Structures are given as C-alpha cells and as structure tokens.
Amino acid sequence: MTEAVERLTKKSEDSSKWYLQLVRMAKLADYGPVRGTFAIRPYGFAIWERIQQDLDARFKATGHQNAYFPLLIPESLLMKEAEHVEGFAPECAWVTMGGDDELEERLAIRPTSESIICDFYRKWIHSYRDLPVLINQWCNVLRWEMVTRPFLRTAEFLWQEGHTVHATAGEAREEALRMLNVYRDCFYEVLAIPVLTGMKSPSERFAGAVETFTCEGLMGDGRALQAATSHDLGQNFARAFDITFLDENQERVHPYQTSWGLSTRTIGALILVHGDDRGLRLPPKLAPTQAVVVPIWRGKNKGEVRREAEALHRELAEAGLRVEADLDEEHSPGWKFNEHELRGVPVRVELGPKDIEKGQAVLVRRDTGEKEFVERRAAARRLVELMDEIQKNMLRQAEAFRDENTRRAETYEEFKEIIEEKRGFVVAPWDGTEETEQRIKEDTKATIRLVPFEREEGKDLISGRPGKTAIFARAY
RNA sequence: CGGGACGUGGCGCAGUCUGGUAGCGCACUCGGCUGGGGGCCGAGUGGUCGCCGGUUCAAAUCCGGCCGUCCCGACCA
C-alpha cells in the first residue's frame with residue numbers, strides 16, 4: 001500500500017486545516033473569484049436541499065407561506081430603523097451605478113430583508129383582519145465580511161428568513177419561540193446536532209430586536225456556533241416603517257413582528273460536529289447517498305459480480321433507500337472505501353464473490369466503523385433499520401460530547417482555566433451587566449452564548465453580585 | 001483593519017539564501033496487468049513561477065509597489 005499524498009489532515013492536529021481540506025476534498029464547495037464567495041457544489045447543495053425540504057415542511061405545518069422580496073434595498077429604506085442601520089450598514093455592499101449612469105440613491109444588496117419587507121407590509125396591512133402575516137423567504141444575502149470561511153462565514157450565503165406580523169406582543173413572542181423550537185427540532189431530529197436554546201444577552205441581540213433567541217451548537221473543537229436565531233422585534237420596525245392597523249376597538253396601532261433565520265452555515269456546523277479523521281459523517285436523514293454498494297470483483301467474475309451489485313442496488317432503491325452503486329472499474333475497492341468514508345456516506349455495502357457464494361452482503365457503518373454480515377435477502381430491511389440506528393447514535397454521540405464539554409465554574413480562576421484548556425460550554429452565574437460580560441470577553445475571549453430559559457441563582461464570578469445562570473464559550 | 005506566514009501545472013510541494021534549459025508526488029489521458037482498506041508497469045497532456053514595474057547580458061530567484069490566501073487579534077448567520 002502506498003501512502004496517498006492527498007491525505008486529510010487529522011482533525012485533532014489542525015482542525016482549521018482539516019475543515020478546509022475536507023470541504024474541498026469531499027467536493028462540498030469551492031472558492032470563488034471574489035473574496036468570500038463560494039460555489040456550493042452538487043454534493044454540498046444536495047445537503048442544503050434536504051435541510052430546506054425539512055424546514056420548509058415545518059414552516060408550512062406552522063402556517064407559513066413562502067414569498068420573495070427584492071434583492072436591492074434603497075439606502076433611505078435601510079436607514080429607517082436606527083439600531084438596524086448601525087448593525088448592518090458597515091457590512092453592506094452598495095450598487096451605485098446603473099449601466100453607465102450613477103444612481104441618484106445607492107442601493108444596498110440585502111444583508112437581511114427586514115427593511116424592504118416592512119416597506120411592503122406597510123402597504124399590505126390595514127386591519128386586524130389582515131393579521132397575522134406569516135411569510136418566509138428562501139434567498140441569498142450579502143454581507144461584506146472581513147474574514148471568511150466556506151459555509152461558516154461567507155460574504156454571500158443562502159438562508160431562509162421568516163418575517164411575521166401580529167396584533168399583540170404576546171402573539172409575537174409566542175411566534176418567535178415557536179420558530180426557535182422548529183429549529184431546535186430540526187437540529188435534533190435531522191442534523192443530529194444537540195443545540196442548546198435560550199436568549200441572547202442584550203449586547204449580542206439582533207440589531208433592532210427586543211429579544212433574540214438562539215440555537216447554539218458545540219463544535220468538535222470545543223467552540224460554540226450560533227446555528228439559528230429567532231427575534232422578537234416588538235414594535236420597533238413597525239414604528240420606524242410606519243406599519244399600522246385598525247384593531248377591534250377601532251384604534252390605529254402598531255403591530256408586533258418577528259423574524260427568524262437559518263443559513264448554509266448549518267452545513268459548516270454539520271461538518272464540525274460530526275466529521276472525523278476519515279472525513280465527513282452524514283446523518284442518514286440528510287445524506288444525499290445513504291448507502292453505497294461497492295462490488296469486489298476479480299478479472300474472471302467481473303460480469304457476475306457486476307450483475308449482482310446492480311441487482312442489489314435496485315433492490316435497495318426499491319426499499320426506499322437513497323443508494324448508489326460504485327461500479328467504477330478504475331479504482332480498487334480500498335480506494336472506494338476511503339472515498340465514500342470521506343464523503344460521509346452512512347453505510348457501505350460490500351458485495352464480493354465470497355458474499356455471493358454465501359448469499360450475504362457486508363454492511364459497514366460510517367458512524368462506528370462496525371462491520372456486519374447479513375443475508376442478502378434481509379439486506380434492504382436491515383439497512384432501513386440501520387439508517388434509524390445511525391441517526392440516533394450520531395445524536396447520542398454528539399450529546400455525549402456536548403455533556404462532557406459542559407462544565408460549571410465556581411470561581412473566575414476556574415472559569416478561565418476551563419476556557420483556556422478545555423474549551424466547551426461553561427455554566428456560570430452572571431449578574432446581567434454588560435460590564436462583567438465585557439470583562440470576561442477581554443480576559444478569555446469567551447462570550448455569553450445564551451441565557452437559558454431556566455436559570456439558577458448564584459453569585460457573579462467577577463462582581464460577586466447576585467446573578468443567574470448564563471452559558472459561556474469561545475465562539476466561531 | 002493590525003501582527004505573522006505564504007503565493008511555482010487541478011491539489012500538495014521542492015527550487016529562491018548563492019540569478020544561467022522549471023522539477024517532484026498526486027490527480028488527469030492512453031495501453032496492459034490488477035481488484036476484500038487509497039494496486040503495479042509503461043507512455044503522455046498540462047505551468048509566460050499572483051500582478052505591475054525596476055536592476056541585469058540573463059529574474060521563479062535580487063529590489064519596489066500592488067493584489068490575494070491562510071493563521072492569530074477587533075465585527076457577524
């Protein structure tokens with residue numbers, strides 16, 4: 001066996017290098033000519049499509065409809081909500097020319113669509129009978145980022161943004177929480193990522209929101225990643241954009257809004273949470289290919305093995321599995337094993353002369369590496385079962401990792417030591433002031449990832465003042 | 001935007017210090033043998049050495065500027 005040169009760096013050795021190599025070797029994405037732009041290749045996009053399908057069904061099930069709003073936002077519109085401008089203006093890209101002519105007003109390429117959508121909502125909403133408005137849009141957005149990495153932070157990225165309008169504050173709050181739970185369910189059930197949910201601290205809040213809720217995941221290197229957010233916008237945007245309606249009491253009032261989003265960053269989270277030294281590991285519900293049949297033939301019986309492999313492939317496809325048969329004659333079985341492991345295919349099905357003779361097939365799980373021999377007749381049924389087992393096991397593994405890397409800190413010294421040496425989530429009381437939050441950030445580079453919904457009383461580690469639980473980590 | 005490193009066929013790199021015919025591995029193409037964990041042999045394709053300028057008989061190599069990428073710090077899904 002010769003040492004392949006294009007080898008994947010070990011995750012533990014240099015996780016950043018590992019990540020970048022994996023993205024390209026697994027053909028998930030490739031760099032574009034403009035900094036921060038990337039092509040999402042078919043394999044990566046197939047993953048995104050599965051996330052889309054799942055989420056979209058959940059949105060529909062909670063009463064939302066899809067729509068599409070313009071890419072270009074006039075500066076004057078973007079400027080209407082003061083905090084919002086402050087948050088997003090620095091990272092806007094502007095269109096200043098139309099053909100050969102300078103535009104009278106420059107146009108932002110949407111960094112997010114609150115402002116342009118509010119402009120329409122002003123026209124569409126007049127009565128309490130028009131509410132609630134429950135709209136989602138799938139689109140791309142652009143943010144002029146300093147530092148970019150494929151999927152995790154790209155200048156242009158794909159996402160969905162939900163924008164809803166409600167008659168009361170209570171309904172809006174309820175909606176924001178409902179969608180947070182939709183995200184959480186999707187992460188647990190489909191992506192097998194055990195995210196924590198909670199609130200953002202005021203300093204980490206979305207620009208213009210009253211409250212921001214978040215799903216935070218813990219990546220394999222012990223750093224946290226904000227995986228989805230849901231915002232209770234209160235009446236901030238309605239006031240700024242002059243959205244009003246006549247309520248049941250004949251009074252003209254501002255409605256309450258929410259917005260919520262999840263982006264292609266999620267694919268980055270998937271890689272970082274489940275990937276290992278051999279490459280990607282995809283949860284079966286998300287894997288574009290759930291099982292791959294690898295025939296093992298020798299010169300004389302190539303024809304027979306090929307026929308059997310094709311038959312098995314058909315059989316598995318008929319059982320509803322997304323299955324692929326790797327009938328390539330150029331590569332050796334060993335090469336194919338490595339290749340499909342790199343791409344994260346959940347199960348490999350080996351079929352060789354010995355197996356055909358014995359009427360069996362060999363199944364090898366990507367999540368554990370375990371190999372099992374099944375009767376050929378039972379292969380499809382066993383695979384269907386395995387998909388479920390692997391999906392559950394991957395979530396369990398990720399949960400175990402998260403739990404092992406969630407620690408309480410009793411003193412500030414302990415806090416610093418954990419962040420420095422072990423990373424992961426640190427649970428500690430916080431007095432709620434920006435002052436201590438800032439101090440921790442300066443000392444340790446850790447930030448408040450979220451404030452849990454259920455909090456314990458305690459004493460702030462820095463100020464000694466009474467505080468309640470917050471969860472800290474170094475973040476992506 | 002600050003500190004550091006690096007730009008040489010698609011990918012990973014050597015060559016740069018000490019200027020003198022652009023090299024290696026992988027990938028790719030063709031042929032043959034192979035095939036249960038990245039097979040072997042043979043023959044090929046492909047690079048104005050990031051860009052612009054300067055020094056020189058001669059620049060991948062020396063000098064200047066610019067651009068880009070990666071890592072570390074301030075902002076974000």
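First the proteins, then the strands, lettered A, B, ... as listed; each starts at 1. Quantities reported herein were computed from a predicted structural model and do not represent experimental measurements.
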Within the supplied structure, the quantity of interest is the number of heavy atoms (other residues, nucleotides, ligands) at a distance under 6.0 Å from [X] [atom1]; does it exceed 12?
X	atom1	value
A/E86	CD	no
A/K302	NZ	yes
A/K17	NZ	no
A/E434	CD	no

Which nucleotide, if any, forms a Watson-Crick or G-U wobble pair with [N], using both distances under 3.5 Å?
N	result
B/rU55	none
B/rA77	none
B/rC66	B/rG50
B/rC33	B/rG39
B/rG25	B/rC11
B/rC17	none

Starting from [atom2] on [N], measure out to [atom1] on [X] and report it in whole angstrom.
X	N	atom1	atom2	answer
A/W144	B/rC1	CH2	C1'	15 Å
A/K354	B/rG36	NZ	P	10 Å
A/R298	B/rC33	CZ	C1'	15 Å
A/L225	B/rC76	CG	P	15 Å
A/N301	B/rG35	CG	C1'	10 Å
A/E330	B/rG38	CD	C1'	15 Å
A/I296	B/rG38	CD1	C1'	14 Å
A/Q21	B/rC26	CD	P	18 Å

By the 4.0 Å heavy-atom rule, please label [X] as base, sugar-phosphate, or nothing.
X	value
A/W297	base
A/P353	base
A/G352	base
A/V362	base
A/V147	base
A/L20	sugar-phosphate
A/Q226	sugar-phosphate

Integer angstrom distance from the [atom1] of [N] to that of [M]:
N	M	atom1	value
B/rC13	B/rG7	C1'	12 Å
B/rC24	B/rG46	P	14 Å
B/rA59	B/rC52	C1'	15 Å
B/rA5	B/rA14	P	16 Å
B/rA27	B/rG38	C1'	13 Å
B/rG4	B/rC66	P	15 Å
B/rU45	B/rG23	P	12 Å
B/rA58	B/rG19	P	15 Å

| field | Aromatic stack A/F157/B/rA77: centroid gap under 5.5 Å, interplanar angle under 30° | value | yes
Within the modelled atom types, does a donor on one side and an acceptor on the other bring the side chain of [X] and the base of [N] under 3.5 Å apart?
X	N	result
A/R153	B/rC76	yes
A/R348	B/rG37	yes
A/E329	B/rG35	no

| task | Quick one: pull up CG in A/D232 and CZ in A/R205 and give me the separation to the nearest 0.5 Å. | result | 9.5 Å
Would you say [X] places a side-chain N or O within less than 4.0 Å of OP1 or OP2 belonging to [N]?
X	N	value
A/K336	B/rG37	no
A/K441	B/rC75	yes
A/S332	B/rG39	yes

When you measure from the side chain of [X], which nucleotide among [options] comes out closest?
X	options	result
A/R149	B/rG36, B/rC71, B/rG37	B/rC71
A/S16	B/rG36, B/rC70, B/rG37	B/rC70
A/R24	B/rC11, B/rU69, B/rC71	B/rC11
A/K445	B/rG73, B/rG36, B/rG37	B/rG73
A/E339	B/rC76, B/rG36, B/rG38	B/rG38

| First encountered from the 5' end of RNA chain B, between A/T154 and A/K17 | A/K17
| Comparing A/Y476 and A/I356 on RNA chain B - which has the more 5′ nearest nucleotide | A/I356
| message | Could you check whether A/R143 makes a cation-pi contact with A/W159, meaning its NZ or CZ is under 6.0 Å from the centre of the six-membered ring and within 45° of the ring axis? | response | yes
| said: Closer than 4.0 angstrom, basic N to acidic O: yes or no for A/K200 and A/E216? | reply: yes
| message | Check this for me, if you would: do A/E174 and A/R178 make a salt bridge, where the nitrogen-to-carboxylate-oxygen distance has to be below 4.0 angstrom? | response | yes
| task | Compute the ring centroids of A/H163 and A/Y121, then answer whether they are less than 6.0 Å apart. | result | no
